[in-house]
Amino acid sequence: MIRVELALMLRRRRVWLCWTLLCALPALVAVLLATTRLAPAPGRGGAFLSAVVSNGQLFPAAALALVLPVFLPITVAVVAGDAIAGEASAGTLRYLLARPVGRLRLLVAKLVSVTAFVLLAVLLVTVTGYLVGVAAFGFGPDATLGGGGGIASLSGAVLTPAQLLVRTAGTVAYLALCMLTLGALGLFFSTLTDSPLAAALGVLAVVVTSAVLLPLDAAAAIRTFLPTTHWLAWIDLYRDPVLWPSIRRGALVQLGWISVAFGAAWANFATKDVTS
Amino acid sequence: MPATDTVIVTEGLTKRFGRVTAVDGVDLAVPRGVRFGLLGPNGSGKTTLVRMLLGLVHPTSGTVRLLDRPMPRGAGAVLPRVGALVEGPAAWPHLSGRDNLRLLDAAGRGSRRRGRRDRVEEVLRRVGLGAVDRRPVRAYSLGMRQRLGIAAALLRGPELLLLDEPTNGLDPRGINDVRELLVELNAAGTTVVLSSHLLSEVEALCTRVGVMDRGRLVLTEDLDVLRAPTGRVLVRTPDPAAVVGLLDGQVVGRDGDELVVRGDDPAELNARLVAAGIAVTGLTAQRRSLEQVVLESTGAGSDQVDGGRT
């Protein structure tokens, strides 16, 4: 079933469109920066944006920071919201269940396919970011500093390209986990309704709610548990040495959300009357 | 009756959606090997019943046994032996019909990769889509989708076919093709259960009929029994008055030059009329049509909303 799900996802035009758009935004930013050389001042604009002009190898991180707040959540919401509700509205859900495909098995397959989408999305952005960044800004003047294209970390110490690769991989994994929270929520909403749009909007409502509560002092007690609170913790991966506590806390919170959302999806779907 | 002779048994099957009772205490038994027609007006609960048989909808109360296993608990073991078309066909619109069937065949436990291509080609050929091209299903006509849906139901060579409105959207030629296919499958041992609101459909195809009305199964009977002679003969003659004179007391109805005469034997009646020199232009044993049976056993369709029931 998992293979069927992956095949179905990879052959959807919408999925490829999402990936293309995700990669297009950072590329556009890179082109603008490269032609104007007007980088935002340090501390303003997206994370890492001020640094990329001097070293293209940091552009993957900047690209991820660019798509993280809006673009990435939207695409994940659309794809995950479509998971069950899309099959229901197309009518294929009843035929899958009558094959029979076990309901838990179907949910797991859907979660796996959403995970694959998220991972590939983050990976594609990273790879495009790297290619575009290096092409537009080169390896940077720091090459003399660390030798062989070394990069200054946020803490000032120099990272070798190998270290940078490991940290970028860590970033991909962490962001995929964050997005998977939305994916699992989308899956849950997707079992509640037969409308993919409603499910996707539900996910975005959660994101917006969380973002609204985040700066409120009155919400301080629950801040740690909001899904978006730890989205930027991956930036600590680019410090030297890496600051693990916030990353660890963030990962735990995301895992909590994923298990709760998936459990809720299962609880609802296992005994649901399929009348679509 | 040994249990294996019955492919579907429901007892007191009831489904309520909120305050609406869609299916109400249905006791249905479908023997193996028949062509069973589930007949009823729109909204009479046919589709909900079929969904409960397949374990898609969970009964409020009552039990379902499908091929001797309780549903929905036995779904994993039973449903691979059942082919279904529920409330119209459905397919992933961005894929071709062939790809749809391949993916559907690959879905679910225990599906073998070996022979998949042949299985798919075989069912496509059976429903008359053997030469279908690579167009996505999105571009299919209603009739092609319907054929594809039936092909999907046949994929695993099922013992039992549950078809909801199988000829919807087909042209007369297509309807005939599907009928022939179903009769052929039935002759090879497949039990066919089809639900329809079209009397002609059921009358042309089924050997046994169940009539549903407002969620209840109001009648289950063999078609032959339902359509048995009524013990009356329809006589058509240019001289009705002479017939009434000859058969005084036996004539129970008259409509223009057509008379309804009590009597079991049209041949004997014909001989009497001819012997008396009365011209006869038509003479048949009266049979109730399925339409009459259904109208007698059901009320108004439940999508018809009248103020107050009589």
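Note on naming: letters A, B, ... go to the chains in the order of the sequence lines (proteins, then strands), and numbering restarts at 1 for each one.
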Chain B contact via E87(A) - which portion, at a heavy-atom distance below 4.5 Å:
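Side chain only.
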
Part of L8(A) lying under 4.5 Å from any heavy atom of chain B:
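Both backbone and side chain.
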
For the pair L79(B) and R99(A), evaluate side-chain contact (heavy atoms from CB on, under 4.5 Å) and give the outcome as yes or no after the intermediate values.
CA-CA 6 Å; L79(B) 291 185; R99(A) 267 308 278 165; over 6 Å; no

Using a heavy-atom cutoff of under 4.5 Å, enumerate the residues of residues 57-64 of chain B that contact chain A, numbered in order, or state 'none'.
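Counting heavy atoms that sit under 4.5 Å from chain A, the residues of residues 57-64 of chain B involved are V57(B), H58(B).
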
Quick one: [atom1] on [X] to [atom2] on [Y], what's the gap to the nearest 0.5 Å?
{"X": "L56(B)", "Y": "L93(A)", "atom1": "CG", "atom2": "CG", "answer": "8.0 Å"}
{"X": "Y95(A)", "Y": "L155(B)", "atom1": "OH", "atom2": "CG", "answer": "12.5 Å"}
{"X": "T92(A)", "Y": "W92(B)", "atom1": "OG1", "atom2": "CH2", "answer": "6.0 Å"}

For chain A, find which of P89(B), P72(B), G149(B) contributes the most heavy-atom pairs closer than 4.5 angstrom.
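The option with the most such pairs is P89(B).
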
Which residue out of T48(B), V78(B), D99(B) racks up the most heavy-atom pairs below 4.5 Å with chain A?
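Option with the greatest count: D99(B).
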
How far apart are the C-alpha atoms of R13(A) and H94(B), what are their side-chain angles, what is the distance that settles it, and do they pass the side-chain contact (heavy atoms from CB on, under 4.5 Å) test?
CA-CA 8 Å; R13(A) 221 180 310 167; H94(B) 59 297; over 6 Å; no

Could you tell me which portion of A91(B) (side chain, backbone, both or neither) has an atom closer than 4.5 angstrom to a non-hydrogen atom of chain A?
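A91(B) touches chain A through backbone heavy atoms alone.
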
Side chain, backbone, both or neither: which part of N100(B) has an atom under 4.5 Å from a heavy atom of chain A?
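Contact with chain A involves no heavy atom of N100(B) at all.
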
[X] [atom1]: over 12 foreign heavy atoms closer than 6.0 Å:
{"X": "R116(B)", "atom1": "CZ", "value": "yes"}
{"X": "F225(A)", "atom1": "CZ", "value": "no"}
{"X": "W19(A)", "atom1": "CH2", "value": "yes"}
{"X": "E121(B)", "atom1": "CD", "value": "yes"}

Between [options], who has the most heavy-atom pairs with chain B when the cutoff is under 4.5 Å?
{"options": "R12(A), R103(A), R105(A)", "answer": "R12(A)"}
{"options": "T275(A), V101(A), L97(A)", "answer": "T275(A)"}
{"options": "R3(A), R94(A), M1(A)", "answer": "R94(A)"}

For the residue pair L96(A) and L104(B), establish whether any side-chain heavy-atom pair is separated by less than 4.5 Å.
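Side-chain contact under 4.5 Å: yes.
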
The criterion is ring pair (Phe, Tyr, Trp, His ring centres under 6.0 Å); which residues satisfy it with F188(A), sequence neighbours excluded?
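None.
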
Between A90(A) and A90(B), what is the shortest heavy-atom contact and its length?
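The answer is O-CB, 3.3 Å.
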
Nearest heavy-atom neighbours spanning A107(B) and V4(A)
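In this case the closest contact between A107(B) and V4(A) is N-CG2, 3.8 Å.
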
R51(B)/D273(A) salt bridge by N-O under 4.0 Å criterion
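Salt bridge: no.
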
